[in-house]
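Remarks on the structure that follows.
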Amino acid sequence: MSDPTRPDPSASSVAAAPGGAAESSSNNFLRAIVQEDVAARRHGGLVATRFPPEPNGYLHIGHAKSICLNFGLARDFGGKCNLRFDDSNPETEDVEYVESIARDVRWLGFEWSGLYYASDYFDALYGFALELVDRGLAYVCELSEDEIRAYRGSVTEAGRPSPYRDRTPAENRALLEKMRRGEMPDGSAVLRAKIDMSSPNMKMRDPPLYRIRHAHHYRQGDKWAIYPLYDFIHPLSDALEGITHSICTLEFENNRELYDWVLDHTSVPARPHQYEFARLNLTYTLMSKRKLLALVESKRVRGWDDPRMPTLAGMRRRGVTAEAIRSFCDMIGVARANSTVDFDKLEYCVRDDLNQKAPRAMAVQKPLRVVIETYPEGETERFPAPLFPPDVGKPGSREVPFGRVVYIERDDFSLDPPKGFHRLAPGREVRLRYAYVVRCERVVKDADGEVVELRCSHDPTSRGGAPADGRKVKGTIHWVSAARAVDGELRLYDRLLSVERPDLAEGDLPSLLNPDSLVTLTGCKLEPELASAPAGSAFQFERLGYFAVDPDSRPDRPVFNRVVTLRDTWAKLAARDAEATATPPPVAVSTAVGASGAAPKVEPKRVDAATQKKHDARRALAPEDEALAAELEPIVASVLVAQADAVARYRAGKTGLAGFLVGEATRAVAAAGKTAPAGSGPKALAKLVDALVRRKLEAG
RNA sequence: UGGGGGAUCGUCUAACGGCAGGACGCCAGACUCUGGAUCUGGCUAUCAAGGUUCGAAUCCUUGUCCCCCAGCCA
């Protein structure tokens, strides 16, 4: 990988990285806009987008939506997409973030056409500022921050002009240069656009363009004492790069007027346009960089890449694949309405991808020792186990060692099995996956009454899993040979937050955190081959979930992160039963009789009587139309014959089809060259066709 | 009380003025040596009220609710 912090002049167009970011993107309003612009050859038929993160934090799943959108659009329309660091705030930005962002974008599967830094435009930007000043469109204002706020007015009251508003261009130029030379202290002045202090759009009330900050910039060093602000930088950076579609989130809607103003009043080489879409919100997930930073700094998580974090780095470490994130972004769509996506949707995408990719293995998270007394002491054998189930259809298998003593999952044994429990219990049989059917003969307890060991017998005829007599064994559980097991650490993650909608929740951040978001299990028993799996590789631990090797892992002490559990229908049923027994329903549930099979009652749309009468009158055929009706009749009839299928469905109750059939008939009539009778409006014909179609449908 | 946006199944999201569809979720069932995967069927959706129209989620009017804007952050 080349240095991600340096522009790569050789890259000229957006390409999907190996591994392919080539999902078919569903349609959305932005895609429609781009499509139309390309069709109309609006920017010479070209498309150029950009992903413009500020390097003041790590990228998260919300950014992934924007990345997929911007890079996806460019890819699909043969255009370009730049990665641009919007780094104009020297106080919060850092090269660490630049590097992580570049890494994450690549990891997600996208390659930028060009890599740029807004800070590289500072000279050009300053030139545009001078241009504005010279044209009398910007002035240096020496009001204090508080005064500026007061002068700005409020959403309901107009602002007042700054006393410095009418300085001459020459005066302003001298002052701006003085600011630039660092001869004025922080906060003593700002450069402001001269627009309209009484604009109903607060953003247009002489917005600041530059502020003085004697601060060290991570890339520009101490070259600058003044730093441009977002509303000035962004349109100009877009124009400088020849961006055609500048896509941002909804909260910038009000900034669009200013975006356009800047471009309309400077001599820019191109004319980009801004479009806004709704940012991603996810249930149980924080998406604010500020709050994520707080978690990192307060050490409530182990870093930006903590596997519980919604950051791309965290998700990657956890074992979530780039493909899963891309398909998630594709699935959630892009729109202009604020929304919050169910976390389940993300989990679905993760499982869906890992199901195809993660080889199966067996691991026991909470071991219970099982001695198979009927199995000869000292004997061992190996059972072949496929790496993937038949439905995945991938080749490969491994040999799983077996012996007289194995570990099974504590949860797979019950002294007092609930109804529907298909696992081990005293006197019951269960299949050890790929091995033998065993029966629990005795339970060994310690002094406290805790179950510490099971003594079982096995059915030697069931070698490989199927008893010779053909009897059905409902339960199959995973296990690991005690003699060959490798001890490992499993880190079980759950949602970071305990509230579904943290944006709506009250209480400070710490109180919203899920105390069980990380459960670390040690002494877990793993299939021996798992110990040597490289960091990052993912497995499905059968019946438990998908796990990925953490970078902390070492061959003598393997560490796995649980990416996501398997869907667990049994757990769901058990939880439901537990709830039912805990709180029996106070009232009998209304009987289901009559609910089954009964056609849903459809309430007709309420229309007042007069309107209905008017409609009926229109629908009735007037005597003078009968002649024309006779002409149209065969055309309508043939349409209904051609649409026999739709007619049948209409008669079966799908009355919405009437409109469709009228539409078809109207087209057929027009195609036959029939026109409205002389003296009546063009609508008369449609009205007539409608009446004919409905008459025929009802006559049916 | 200014301005800019938005409202479609529980949740996301589609639908030239012409069959309100898909996905997740949930429910029921089938299958299964993973209570996984897969398959089948199902699920009280167009914010409200008027209007225009043969026909409205879509156009018009009025209203309701939600989001954004008063950083020298982005």
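Chain identifiers are assigned alphabetically (A, B, ...) following the order of the sequence lines, protein sequences preceding nucleic acid strands; residue numbering begins at 1 within each chain. In what follows, every heavy atom counts, from backbone to side chain, and hydrogens, waters and symmetry copies are set aside. Remember, predicted model here, so these are calculated numbers, not experimental data.
Nucleic acid contact for A:Thr283: none, since no nucleic acid atom lies under 4.0 Å from a heavy atom of the residue. Within 4.0 Å (heavy atoms only), A:Asn56 reaches no atom of the nucleic acid at all. Residue contacts for A:Arg543: at a heavy-atom cut-off of 4.0 Å it reaches a base atom on one of the strands shown.
Protein atom CD of A:Glu664 is 19 Å distant from nucleotide atom P of B:C54, rounded to whole Å.
We find that A:Arg695 and A:Asp690 are not joined by a salt bridge, their nearest charged nitrogen and carboxylate oxygen being 4.0 Å or further apart. Using a cutoff of 4.0 Å between basic side-chain nitrogens and carboxylate oxygens, A:Arg336 and A:Glu253 are scored as salt-bridged. Contact check on A:Arg279 versus A:Glu251 returns a salt bridge, with a Lys/Arg side-chain nitrogen under 4.0 Å from an Asp/Glu carboxylate oxygen.
Distances shorter than 4.0 Å separate some side-chain N or O of A:Arg567 from OP1 or OP2 on B:A37. The side chain of A:Ser339 contributes an N or O atom lying less than 4.0 Å from OP1 or OP2 of B:U13. Dashed line: the shortest gap from a side-chain N or O of A:Ser88 to OP1 or OP2 of B:A74 is under 4.0 Å. A:Lys572 has a side-chain polar atom (N or O) that falls below the 4.0 Å cut-off from OP1 or OP2 of B:C26. For A:Thr569 and B:G36, the shortest distance from a side-chain N or O to OP1 or OP2 is below 4.0 Å. Between A:Arg152 and B:G71, a side-chain N or O to OP1/OP2 separation shorter than 4.0 Å is present. Not one side-chain nitrogen or oxygen of A:Arg576 sits closer than 4.0 Å to the OP1 or OP2 atom of B:C26. The phosphate of B:A37 (OP1 or OP2) has no side-chain N or O of A:Arg351 nearer than 4.0 angstrom. Phosphate proximity of B:C54 to A:Lys687: present, with a side-chain N or O under 4.0 Å from OP1 or OP2.
Residues A:Tyr546 and A:Val155 both approach RNA chain B. Their nearest nucleotides, taken by heavy-atom distance, put A:Val155 toward the 5′ side.
For the pair A:Phe660 and B:G18, the ring geometry does not qualify as stacking, because the centroid separation below 5.5 Å and plane angle under 30° are not jointly satisfied. Residue ring and base: A:His234 does not count as stacked with B:A74 (centre distance below 5.5 Å and interplanar angle below 30° not both satisfied).
Within a 6.0 Å sphere centred on CZ of A:Arg428, heavy atoms belonging to other residues, nucleotides or ligands number more than 12.
Classification of the A:Tyr436-A:Phe402 ring pair by plane angle, with boundaries at 30° and 60°, yields tilted.
When the P atom is compared between B:G25 and B:G36, the two are found 13 Å apart, to the nearest whole Å.
Among the nucleotides B:A70, B:G2, B:C12, the one closest to any side-chain atom of A:Ser154 is B:A70.
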